[in-house]
Amino acid sequence: MVDDHSIVVLRRRDLPADTESLARFLIGKSLVRETAEGRLSGRIVEAEAYPPGDAAGHAFRGLTESNRSLFLEHGHAYIYFAYGSSYMMNVSAERAGIGAGVLLRAVEPLEGIPLMERRRNTERLVDLCRGPGRLARSFGIDKGLDGLDLCKGGPLWLGSAARPTGVVGTSVRIGISQEKERPLRFFERGNHFMSGPLRLRG
DNA sequence: TATGCGATATTCT
DNA sequence: GAATATCGCATAG
């Protein structure tokens with residue numbers, strides 16, 4: 001049984017305001033979603049940094065209507081729709097006015113697993129939140145949550161670690177065509193709930 | 001396990 | 001019109 005009372009909302013001053021540091025920091029922390037049907041939560045086990053000036057980042061070409069949340073003060077949600085099928089969630093990662101984000105790629109489910117199974121239409125635990133699109137689907141994350149302050153404890157927030165975090169590994173990022181050699185993907189080594197090919201999981 | 005493919009909608013060129 | 005920070009299914013080894 002998970003002791004969810006041990007999870008508290010992360011304060012903004014606890015979050016590094018540097019993209020790469022934030023991505024590493026978020027491994028092992030909690031993602032919590034409060035819905036009318038109950039609470040969903042999980043441990044963040046995989047994330048990627050898209051720092052300022054990164055050609056693979058959505059903020060690279062400057063502020064637009066669709067990417068404006070990336071320019072919010074660190075700790076806000078940037079959510080977008082990709083490939084006609086998947087929502088994806090980022091955490092804005094720098095000071096206000098600087099466009100950068102951390103893409104949450106995988107979560108180890110803790111609370112609300114039956115609801116995730118219904119949303120995803122599968123009972124395979126390891127597949128519920130493995131991959132950015134699946135994660136968003138399980139958690140009921142969509143464009144309506146874009147721009148939300150994740151340090152406020154609303155419908156979606158970042159929480160402290162539910163249990164001790166393992167060793168954090170790094171690798172290149174997944175699914176991009178620009179700046180593909182940079183080691184900006186972070187994950188909890190040995191965790192079974194991350195996405196990507198096996199060679200990038202150790 | 002790895003690779004390849006189509007589906008799908010939004011954004012930018 | 002092209003590209004895309006993906007997914008699920010098919011097939012081969």
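Quick note: numbers below take in every heavy atom, side chains included, and nothing from hydrogens, waters or symmetry partners. Below, read A as the first sequence line, B as the second, and so on, with proteins coming before strands; counting in each chain starts at 1.
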Find out whether [X] and [Y] are in side-chain contact, i.e. whether some heavy atom of one side chain is under 4.5 Å from a heavy atom of the other.
{"X": "A:Glu20", "Y": "A:Pro51", "answer": "no"}
{"X": "A:Pro109", "Y": "A:Cys129", "answer": "yes"}
{"X": "A:Asp149", "Y": "A:Arg12", "answer": "yes"}

Practice task
May I ask you to evaluate whether A:Arg105 reaches the phosphate of C:dT6, defined as a side-chain N or O under 4.0 Å from OP1 or OP2?
Solution key: yes
Rounded off to whole Å, could you give me the [atom1]-to-[atom2] distance for the [X] and [N] pair?
{"X": "A:Tyr78", "N": "C:dA5", "atom1": "OH", "atom2": "C1'", "value": "9 Å"}
{"X": "A:Leu103", "N": "C:dT4", "atom1": "CG", "atom2": "C1'", "value": "13 Å"}
{"X": "A:Glu46", "N": "C:dT6", "atom1": "CD", "atom2": "P", "value": "10 Å"}
{"X": "A:Asn121", "N": "C:dC7", "atom1": "CG", "atom2": "P", "value": "16 Å"}
{"X": "A:Leu104", "N": "C:dT6", "atom1": "CG", "atom2": "C1'", "value": "16 Å"}

Handout entry: A:Lys29/A:Asp14 salt bridge by N-O under 4.0 Å criterion
Key = no
Exercise for the section: Determine, step by step, whether A:Glu94 and A:Thr19 satisfy the side-chain hydrogen bond (donor to acceptor under 3.5 Å, both in side chains) criterion, reporting the C-alpha distance in whole Å, the side-chain angles of both residues, the deciding distance to 0.1 Å, and the verdict. Expected result: CA-CA 6 Å; A:Glu94 301 272 340; A:Thr19 314; 2.6 Å; yes
Problem - Within residues 169-179 of chain A, residues whose heavy atoms come under 4.0 Å of DNA chain C - result: A:Gly175, A:Ile176, A:Ser177
Practice task
Take A:Arg68 and A:Leu63 through the side-chain contact (heavy atoms from CB on, under 4.5 Å) test and state the conclusion after the steps.
Solution key: CA-CA 6 Å; A:Arg68 62 190 157 77; A:Leu63 178 64; 3.6 Å; yes
Exercise for the section: Keeping to residues at least two apart or across chains, list the side chain to side chain donor-acceptor pair (under 3.5 Å) pairs with something in residues 70-84 of chain A. Expected result: A:His58-A:Tyr78
Exercise for the section: Report the C-alpha distance between A:Phe187 and A:Arg105 in whole Å, list the side-chain angles of each, state the deciding distance to 0.1 Å, and finish with yes or no for side-chain contact (heavy atoms from CB on, under 4.5 Å). Expected result: CA-CA 9 Å; A:Phe187 53 88; A:Arg105 288 196 58 92; over 6 Å; no
Practice task
Give a yes or no on whether A:Arg182 atom CZ has more than 12 heavy-atom contacts from other residues, nucleotides or ligands under 6.0 Å away.
Solution key: yes
Handout entry: NZ (A:Lys143) with more than 12 external heavy atoms under 6.0 Å
Key = yes
If you restrict it to nitrogen or oxygen atoms, what contacts under 3.5 Å exist between nucleotides 3-13 of chain B and the protein, and what is each distance?
| from | atom 1 | to | atom 2 | distance (Å) |
| --- | --- | --- | --- | --- |
| B:dT8 | O2 | A:Tyr83 | O | 2.1 |
| B:dC12 | OP1 | A:Thr64 | OG1 | 3.0 |
| B:dC12 | OP1 | A:Ser66 | OG | 3.3 |

Side-chain donor-acceptor pairs of residues 152-164 of chain A under 3.5 Å, sequence neighbours excluded:
| from | atom 1 | to | atom 2 | distance (Å) |
| --- | --- | --- | --- | --- |
| A:Trp157 | NE1 | A:Glu34 | OE2 | 3.1 |
| A:Ser160 | OG | A:Ser6 | O | 3.4 |
| A:Ser160 | OG | A:Val8 | N | 3.0 |
| A:Arg163 | NH2 | A:Glu108 | OE1 | 3.2 |
| A:Arg163 | NH2 | A:Glu108 | OE2 | 2.5 |

Exercise for the section: Might you work through the side-chain contact (heavy atoms from CB on, under 4.5 Å) test for A:Arg119 and A:Ser138, ending with a clear yes or no? Expected result: CA-CA 6 Å; A:Arg119 288 225 179 91; A:Ser138 279; 5.5 Å; no
Handout entry: Partner of A:Leu135 under side chain to side chain contact (heavy atoms under 4.5 Å, CB included), chosen from A:Val107, A:Ile44, A:Leu128
Key = A:Val107
Using atom names, set out every protein N or O paired with an N or O of nucleotides 8-10 of chain C below 3.5 Å, distance rounded to 0.1 Å.
| from | atom 1 | to | atom 2 | distance (Å) |
| --- | --- | --- | --- | --- |
| C:dG8 | OP1 | A:Arg120 | NH1 | 2.7 |
| C:dG8 | OP2 | A:Arg134 | NE | 2.7 |
| C:dG8 | OP2 | A:Arg134 | NH2 | 2.9 |

Fill in the blank from the handout: Here the helical stems involving DNA chain C, each at least 3 consecutive Watson-Crick or G-U pairs closer than 3.5 Å, sorted by first residue number, are B:1-7 with C:6-12, B:9-12 with C:1-4
